[in-house]
Enquirer: 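Sharing a structure here in structure tokens format.
Protein chains get the first letters and strands the later ones, always in sequence-line order, with residue 1 at the start of each. Note that the coordinates shown come from a computational prediction; the quantities given were computed from them, not determined experimentally. All values below come from the heavy atoms of this structure, side chains included, with hydrogens, waters and symmetry mates left out.
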4 protein chains.
Amino acid sequence: MTTGVPDPTTLRVRYDEVRSATERLTEPLSPEDQTVQSMPDVSPTKWHRAHVTWFFETFVLADVVPGFAPFQDSYWFLFNSYYESMGPRYSRPDRGLISRPGAHEVGAYRADVDARMRDALVALDDGMLEKIAPVVELGFHHEQQHQELLLMDIKHVLSVNPLRPVYSGVPAPRTEPDRAGWVDVEGGLVEIGHEGAGFRFDNEEPVHRVWLEPYRLADRLVTNAEWLEFIADGGYTRHDLWLSDGWARVQAEGWHAPLYWSELDGVWFEHTLHGTWPVDPGLPVSHVSYYEADAFATWAGKRLPTESEWEHAARGLPVEGHLADTETFHPRSAPAATGGLRQMYGDCWEWTSSAYLPYPGFRPADGAIGEYNGKFMSGQMVLRGGCALTPAGHARATYRNFFPPSARWALAGLRLADGGAGQAAS
Amino acid sequence: MTTGVPDPTTLRVRYDEVRSATERLTEPLSPEDQTVQSMPDVSPTKWHRAHVTWFFETFVLADVVPGFAPFQDSYWFLFNSYYESMGPRYSRPDRGLISRPGAHEVGAYRADVDARMRDALVALDDGMLEKIAPVVELGFHHEQQHQELLLMDIKHVLSVNPLRPVYSGVPAPRTEPDRAGWVDVEGGLVEIGHEGAGFRFDNEEPVHRVWLEPYRLADRLVTNAEWLEFIADGGYTRHDLWLSDGWARVQAEGWHAPLYWSELDGVWFEHTLHGTWPVDPGLPVSHVSYYEADAFATWAGKRLPTESEWEHAARGLPVEGHLADTETFHPRSAPAATGGLRQMYGDCWEWTSSAYLPYPGFRPADGAIGEYNGKFMSGQMVLRGGCALTPAGHARATYRNFFPPSARWALAGLRLADGGAGQAAS
Amino acid sequence: MTTGVPDPTTLRVRYDEVRSATERLTEPLSPEDQTVQSMPDVSPTKWHRAHVTWFFETFVLADVVPGFAPFQDSYWFLFNSYYESMGPRYSRPDRGLISRPGAHEVGAYRADVDARMRDALVALDDGMLEKIAPVVELGFHHEQQHQELLLMDIKHVLSVNPLRPVYSGVPAPRTEPDRAGWVDVEGGLVEIGHEGAGFRFDNEEPVHRVWLEPYRLADRLVTNAEWLEFIADGGYTRHDLWLSDGWARVQAEGWHAPLYWSELDGVWFEHTLHGTWPVDPGLPVSHVSYYEADAFATWAGKRLPTESEWEHAARGLPVEGHLADTETFHPRSAPAATGGLRQMYGDCWEWTSSAYLPYPGFRPADGAIGEYNGKFMSGQMVLRGGCALTPAGHARATYRNFFPPSARWALAGLRLADGGAGQAAS
Amino acid sequence: MTTGVPDPTTLRVRYDEVRSATERLTEPLSPEDQTVQSMPDVSPTKWHRAHVTWFFETFVLADVVPGFAPFQDSYWFLFNSYYESMGPRYSRPDRGLISRPGAHEVGAYRADVDARMRDALVALDDGMLEKIAPVVELGFHHEQQHQELLLMDIKHVLSVNPLRPVYSGVPAPRTEPDRAGWVDVEGGLVEIGHEGAGFRFDNEEPVHRVWLEPYRLADRLVTNAEWLEFIADGGYTRHDLWLSDGWARVQAEGWHAPLYWSELDGVWFEHTLHGTWPVDPGLPVSHVSYYEADAFATWAGKRLPTESEWEHAARGLPVEGHLADTETFHPRSAPAATGGLRQMYGDCWEWTSSAYLPYPGFRPADGAIGEYNGKFMSGQMVLRGGCALTPAGHARATYRNFFPPSARWALAGLRLADGGAGQAAS
């Protein structure tokens, strides 16, 4: 899934960067915080920390270290996420029932694997290095995905606590939205998918041609202010705006606002990693499901973009405004309009109207690594861009994120599309 | 959803044909058979009969008959399927709890609406007729859809009965499969969707352009013989063949063969509308889910076609071999190979790799009729062609059927695809 | 479970009486009515009819008929209720999924077994007769239990239908309650349980001694008028009146009145076998659970009687006022007060405060018949007396009926107790 | 619920003893251990610690401290267990989702309430002291109940962890059972219930008379060796031994041995607070449900005692062999036989055949304290004696413990009864 010549020093430096970034995220968290699983989709923080470590131990150390023995036999069972090829694994919805190893012991596990990884990267001959480097790099990106998930998950964990706990920080000053503009895109027979140098997941390949009719994209994300209008106009009570599955969720789960919103005496508040604050009208709406995004677009007389439309429009744009610059862990209001697309990365993942399916000619990798993406290509929708929790270096135009259409705990929002229409189905 | 000048006599004749076809299907069924709902997806036969009648009463008679009054107030509540615009409705999974009206009373309801429909079609002036004719025609196709569903549903109802009941008929003589061939298709920038004269559902519109790379389709459906090989090769026990959601179903529901298969002393039997018989190797496999179809294709080193590939290849082929000719209510073995595509209609609906999504530029109709298709465009997969239960005149190249990927009670099978690849996602 | 010398003619006459009484109950019911199972506790009418037939076939004919063969092999599987000893059986909550055999075919099954039973009762020698007569008599009482259940069940089946169907008849004229009186009972070391001649179930044995302190029983059942006061006083909203399990039900299932009551424009209506009518204040309240009965007693500052208190007070009272006299299928208002106990049989089963447990020294019968009562002695409460659906000859002072404390579809009400207190627990 | 003159110094000393005993139990537990809730019946350790503190704060400090303010408003919501009178409360099955307050913060809460309690006990005038002393004493016994539950709960929490964690200690040397003897008891009209001095819960009152026929009790508990015989004889596969509800559990949950037993290569192991060890044949069987206890008794041709039989036989026996002496936290083998009853306290709670119902004349206390016992008198069975986790001073002959008949995580076993039979139902 990568190209280029492996350089052991670069790999080692990069390894340390990625691994220490994970640990930094846990600094505000107590051992108890790291233990709780607030719903089946969420994993405990210490599980994330151990699982990404297990990835390096299993897919790198076990392959390259002579006489390899695992740090702890039972960890192979506990910290396998979904790799059927790696044998039986601990039940996912029960990850919060495991008190030991504790946060501190997980730290010891991490330290042990880190030491062995550093040794291994030095000791490998060129052939071995060339073979294993792509897996190591995959491990970096895998851990970055979990950094993002760890933050989404701890946000949910803290949200179910009536004490309204704070992860860290304070919110930015309140903002007001500007007016959205439209960016026209010509379309035609375009190329979609990742090619050339640089890391990509297997689901970004192969490059293939797609026909796009001319279309328009909103130049910024839908804002909280616009979402308040949607609510005020009966958005959550008008069945005609909703997909049938979405309407069933609205009724069964009592949806009446984005996941983390609550109303008190007529004022809407939002649970964030900084605590609970009044909803900021200028920020992009976040923590809405695909069903809600689709209903909003219908209400607005527009639609969601296809993933091809998004990717084609994003080609050539700088991937700017990332987490590393700000560490606010929260979407920001749009920068001043320039006639081009704004907020493409670094605020909210953007729901598209595309189901998550294999690209034509897609082939998963051999072995357990092949379970990384392909087997999830059913029942989910594609999101594009990135969000405020996405690590620096982890966003690109061809990146295909995916969640079930009902998922709300992901940091996801939406951008409207319109016009001659790309290709919604094939 | 239709074009052309309405002709009252043709409409009336067609009305009688469609309506009497429904009643003919119920002849082998007792009042008790018509009452049972064997699972939430299934509806009782008498509910189908009443619901399609409610459709004409609600969307035609209520609109065109001066001083209209419903046959029975509470039927509007009982026999609404999913039209939120038409007010509250009886809970779908509880349709089997309603003993009254009985099968005979539903017959009286049908007779009453039929009489009023015949009167109405005669009495309408041209303007009214032009306005209502498309709805009447939609009612025909709606009732034909329910004829097909009625048969799928009663097949399931009878299948849960340990007495192994027969709906009607006897199976055809046992057959042996021939060898599958491949048909090459050139691809390019092709037009997809229905245009010109003739009825179509709203989801077949608008016509739009799709880019297809060259591809190949198997000239016939996958057979029971081939499915037996899949089973023998561990098809239901090898996780690497399956989508993650599919594998979860295999394990949770103990799938180990198509829905209606059971093994007794080493011989596979199949529940059919003719009773329970040994599996016929020459017939196309049926009652498999999308997950199973996809796993089979992976096992075979091939893939499922996209719906665009299927439609493009089907253009111009005669819609032949339909139910009306044979009334066997069971898929048939493929006719002798001719170098072209076989079994495209009239045997098994064919799973495609396409998610059921709106065509670019799709707009649902105004009002309650707009709930017909659009709101279901989430979480389902497209099937193309038709099946042995499809009424004559109800199949066409552009028809988009859809079911959830886990559905097995639909009469669905699969055709393999291969080659340069169409477009699996956009 | 019985004593006395068997007389073949009496047995045959009695057989015909009991069997034809069952069939009379089905006269108002269509085949569809007889097919539906409205909840897991309910059985379809035709299942009841077949199951009681299976009882005679299995426990009598199979034992005494040389060369016995069952009417239909699969009926042994379909119509076994809960006899583990008789092999696997069809899933109880799925009884409503079985359309065949239909009501008419069940009639044929009944006729066949009836003919064979009549032949068998004539043909048996004295030794065989003496051995089998107790089982035949058990079969009579078993069928009478199912006659009562059949009516409770069809009442529920019809209640879920928005058409508000009628089983038969019309309600009696509206009544007003009189004032309840109290009957004092001395207590002491009393004998409880059935002894002497006459049929009894095994759970009524053995006779044993119980110490009762002096107590009082209300001379009539609690009325609808009193229940309306309970509701008006917040009976369903005051947690302090309820057992914890009861309060959980109130909240989870939204209980706010007896099962079949509904309020329309401030007037309470009740679904009955005669249709839906305004609640009659003079009738005993019915279709309340044990939890509700207990909450009412707490609200009234009284308690429910123990089963020993009820039985001791009922000793020597005539079992009068039964169904056979009136066939109203509905509780009646209390007859004029005489200083003694009223409404002891024939209106509503009366919840007691006694858990359904074995009498000291209880031993279930050998073989499958031993599964009749003993294995259900857990998690249920005892009810005493009888109800408007109880067949003539089926009520007696020692009869122990039982239902789970949450059951509401049984025709059950309550009588208050007070005073020095019997023995609520041991 | 208590008698006698309150003495502030004694109360304060006792307060410190009880409170510090709780904290000692948590010493082997990490913050993560204290956070997990392994099933809905289990509460996290830190929840127990906070809830018993809330009890003193709510029912004592709030009543007696002028200008009282709670330590933390939201704790009143989080740490209310089931007191409806005290307002809304946090959902019980979700106690494991709360990471904050952490174990350390709960310690601060305890320290704060302890300081205020000590001050209050000194400052109260005699009238106030007399009024509040019974509640304080209730708080002691309440906390002792939770000490026992805390250990049962943490045992379960650790049991779901594949790492097989140890709470503390090592097992005693392996033992062999001696032969059980029988102790005959005469019966007659006996008094049951607590009277005279000393603490009792409200459910132990009032004293009342019960008639007991002569009976026999086994002089020791059923052993693991006997349970292994039961298993070997098909105890978990013979439906005829089981109550219907019990058999349903056996099948639905796959019961085939006591809760914490697992078989490896033909050897049975048991999870204990000391870790996982081979089953010791001489110890009493533990962690069996009422259903299992009843099935065993049926298999043995005996029965369980009633709670009256147990209490009558226990009168006058010393309450010896308690936890405080040994701190093994594990049942012990029976001491040498003396002709009297052995193992009556301090090993395993003993299932009786009595449903948990109010004694005749029972009245719960006024106010929230009245919710302590009475509202749970439905659907549960009485256990008598005490267990290895019961704090010293917390066991007595009249103590009525209770659990649902399916509960297995309680440290419960059984003692057989036989003979003329007491009174199993009333």
Enquirer: Which atom pair, heavy atoms only, marks the closest approach of C:V36 to B:G96?
Expert: CG2-O, 3.6 Å
Enquirer: Go through chain B and chain C and list any donor-acceptor pairs closer than 3.5 Å, backbone and side chains both.
Expert:
| unit_1 | atom_1 | unit_2 | atom_2 | d |
| --- | --- | --- | --- | --- |
| B:E32 | OE2 | C:A103 | N | 2.6 |
| B:D33 | OD1 | C:S99 | OG | 2.5 |
| B:D33 | OD1 | C:R100 | NE | 3.0 |
| B:D33 | OD2 | C:R100 | NE | 3.1 |
| B:D33 | OD2 | C:R100 | NH2 | 2.8 |
| B:S99 | OG | C:D33 | OD1 | 2.5 |
| B:R100 | O | C:N161 | ND2 | 2.8 |
| B:R100 | NE | C:D33 | OD1 | 3.0 |
| B:R100 | NE | C:D33 | OD2 | 3.1 |
| B:R100 | NH1 | C:V166 | O | 3.1 |
| B:R100 | NH2 | C:D33 | OD2 | 2.8 |
| B:A103 | N | C:E32 | OE2 | 2.6 |
| B:N161 | ND2 | C:R100 | O | 2.8 |
| B:V166 | O | C:R100 | NH1 | 3.1 |

Enquirer: Is C:L78 in contact with chain B via its backbone, its side chain, both, or neither, using a 4.5 Å heavy-atom distance?
Expert: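 Contact with chain B is through the side chain of C:L78 alone.
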Enquirer: Would you compute the distance between atom CG of C:L158 and atom CG of B:L97 and round it to the nearest 0.5 angstrom?
Expert: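 The distance works out to 12.0 Å.
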Enquirer: Quick one: of B:L29, B:V157, B:L163, who has the most non-hydrogen atom pairs under 4.5 Å with chain C?
Expert: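 Of B:L29, B:V157, B:L163, B:L163 has the most heavy-atom pairs under 4.5 Å with chain C.
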Enquirer: Is chain C contacted by the side chain of B:P44, its backbone, both, or neither, given a heavy-atom distance below 4.5 Å?
Expert: neither
